[in-house]
Amino acid sequence: MLYAALPDRVRLMEVGPRDGLQNEKVVVDTRAKVAFLADLVDAGLQRIEATAFVNPRWIPPLADHAEVARATQLPPLRGRARFAALTPNVKGYEGARAAGLDEVAIFLAASESHNRKNVNATSAEALARYAEVAARAAADGMPVRGYVSCAMGCPYEGDVPVAAVVDVAQRLVEMGCYEISIGDTIGAGNPRQTVQLVRALKGVVPLDRIALHLHDTRGTALANIAVALDEGVRSFDSAAGGLGGCPYAPGASGNVATEDLVSMLHGMGIATGVDLHRLARASLRLEGILGRPVPSRVVAALRTSLTAPPADLLSPATPESP
Ligand code: HMG
Ligand code: MG
């Protein structure tokens, strides 16, 4: 294991501004969100989910989605990364398109109960909405990414059959999604399950179009990513600082931290294009706003060195003696 041909590079989707902030008690103001996006771009992230065009009554922390999305099309952000947003229906899609976003994402759970709780629809109704979004996006030439949520367990139904995950993934591929992100929404998966799932998915989704979106509730996300790399997966979602969680998935905690993922990958000789120290500084700035430490292990390890005053302040230059 892990001696298969490892890639030189993988693709990341940074979901911190969306998944990371959607479940926070503190509502981060729009200017701070835009500054966070700028920090992420400066750290080298090339694909960023900036917000979600969802009902603000369902997700109050992202109620400013239109302002944030418009800001991605202005300096200092415009053209420096691909910016995406979740769009659960045509209303959301039209908002994202009007704001000038580069791509949109649709999201469907492999569990009926989670769809009812999360998007107020049966799976069949949600599929019909997404088919409409995908058709409009195709007509506009807008790339669509698809999520399969609850792929490794559902907070309401427990175990989720692999066949149900494969079925949703196949439908999203048929709708034209350029990449299918397999979500362990509640962080319940283990490496064995990850291998089984990826092998089953390969039958309906080309391997280079599979991504993993792993919440790290039980500390298994990096182990799952390591075995997925071995299986040939080359695209991973993560959130700066390890923030995140779906408000309609009780018990879910943050995404795998981008810092932790990048640190592991760089250590394995796999490039990401991300400057780890810059990214950790971005998460530390966010900590100041959220008023609590972010969950990332690597940020914790770097905290002292990155927040220490610069050396020249610690030891003021003593006047040279004649
Ligand atoms: P609904 O309340 O059933 O919608 O919500 P509706 O069509 O009945 O409309 C009700 C009101 O919502 C209307 O406003 C609409 O205009 C408005 P009113 O006339 O009452 O003032 N509305 C909207 N407003 C803004 N943007 C929209 C929109 N659509 C309707 N797009 C809906 C249905 C799907 C919109 C709602 O259930 C919703 O917003 N759900 C989103 C929940 C969510 O964002 N969950 C977290 C993201 S998913 C996740 O985290 C998992 C993931 O990370 C992967 C993983 O971890 O596995 C992706
Ligand atoms: Mg998520």
Side-chain angles (χ1 to χ4, degrees), residues 7 10-13 15 18-19 46-47 49 52-53 82 84-90 92-93 96-97 101-112 114-115 118-119 121-154 160-185 189 193-215 224-225 227-238 246:
V10 295
R11 301 188 302 280
L12 300 184
M13 172 62 90
V15 297
R18 191 278 299 174
D19 200 322
Q46 288 293 297
R47 286 193 303 171
E49 218 169 62
F53 278 76
R82 292 181 62 78
L86 295 191
T87 53
N89 51 23
V90 166
Y93 171 74
R97 194 176 69 101
L101 285 173
D102 301 300
E103 64 179 67
V104 297
I106 54 182
F107 49 104
L108 188 72
S111 118
E112 183 71 32
H114 189 259
N115 284 324
N118 196 41
V119 291
T122 63
S123 301
E125 287 163 350
L127 269 170
R129 286 180 194 166
Y130 291 142
E132 217 183 328
V133 170
R136 293 204 185 208
D140 295 337
M142 172 79 91
V144 183
R145 196 168 187 256
Y147 282 101
V148 185
S149 299
C150 298
M152 301 200 193
C154 169
V160 171
V162 169
V165 181
V166 171
D167 180 55
V168 173
Q170 184 164 15
R171 286 165 187 268
L172 294 175
V173 169
E174 285 164 4
M175 283 184 202
C177 293
Y178 79 90
E179 188 170 77
I180 308 297
S181 184
I182 305 299
D184 186 3
T185 317
Q193 197 180 357
T194 303
V195 170
Q196 283 168 344
L197 199 50
V198 171
R199 288 186 182 173
L201 283 162
K202 278 195 276 195
V204 296
V205 188
L207 196 49
D208 62 358
R209 287 168 62 187
I210 298 177
L212 290 186
H213 173 107
L214 306 181
H215 287 260
N224 295 343
I225 288 170
V227 295
L229 275 169
D230 226 26
E231 289 296 313
V233 178
R234 300 290 180 253
S235 182
F236 301 97
D237 299 5
S238 59
C246 174

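This chain uses plain numbering: 1 for the first residue, then up along the sequence. These numbers were taken from a predicted model, which means no experiment stands behind them. These numbers come from the heavy atoms of this one structure, side chains and all, not from hydrogens, waters or symmetry mates.
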What is the distance from atom [atom1] of [X] to atom [atom2] of [Y], rounded to the nearest 0.5 Å?
X	Y	atom1	atom2	value
M142	Y93	CE	OH	4.5 Å
R145	S181	CZ	OG	4.0 Å
E179	R11	CD	CZ	5.0 Å
S123	H114	OG	NE2	11.0 Å
K202	D208	NZ	CG	12.0 Å
S149	L108	OG	CG	7.5 Å

Please examine the side chains of [Y] and [X], heavy atoms only from C-beta on, and report whether any two atoms are closer than 4.5 Å.
X	Y	result
Q46	L12	no
C177	I106	yes
V173	V204	no
P7	L229	yes

From CA spacing to verdict: side-chain contact (heavy atoms from CB on, under 4.5 Å), V10, S235: CA-CA 6 Å; V10 295; S235 182; over 6 Å; no
Given 3.5 Å as the limit, does a donor-acceptor pair link the side chain of [X] with the main chain of [Y], or not?
X	Y	answer
E125	T122	yes
T185	C150	yes
N89	R129	no
R136	V90	no
N224	G189	yes
N115	A109	yes

Result of checking D230, V227, V233 against V198 for side chain to side chain contact (heavy atoms under 4.5 Å, CB included):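 By the side chain to side chain contact (heavy atoms under 4.5 Å, CB included) criterion, V198 pairs with just one of D230, V227, V233: V233.
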Parallel, tilted or perpendicular: which describes the rings of Y147 and H213, with under 30° parallel and over 60° perpendicular? perpendicular
Please determine if R47 forms a cation-pi arrangement with F236, meaning its NZ or CZ atom is less than 6.0 Å from the six-membered ring centre and no more than 45° off the ring axis. no
Do T194 and R199 get their side chains close enough for a donor-acceptor pair, meaning under 3.5 Å?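 On atom types as modelled, these side chains do not qualify, holding no pair under 3.5 Å.
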When you check the side-chain N and O atoms of E103 and Y178, is any donor under 3.5 Å from an acceptor? yes
If you look at every heavy atom in [X] and [Y], which pair is closest and at what distance?
X	Y	answer
L197	A151	CD2-O, 3.8 Å
A84	L101	C-CD1, 4.2 Å
F107	P88	CZ-CB, 3.8 Å
L172	V148	CD1-CG2, 3.9 Å
L212	A228	CD1-CB, 3.4 Å
V168	A110	CG2-CA, 4.0 Å

Between L86 and E49, does the side-chain contact (heavy atoms from CB on, under 4.5 Å) criterion hold? Intermediate values first, please. CA-CA 8 Å; L86 295 191; E49 218 169 62; 3.8 Å; yes
Does the pair R97 and V104 meet the rule for a side-chain contact (heavy atoms from CB on, under 4.5 Å), with working shown? CA-CA 8 Å; R97 194 176 69 101; V104 297; over 6 Å; no
Test log, rule side-chain contact (heavy atoms from CB on, under 4.5 Å), inputs M152 and L214: CA-CA 9 Å; M152 301 200 193; L214 306 181; 4.1 Å; yes
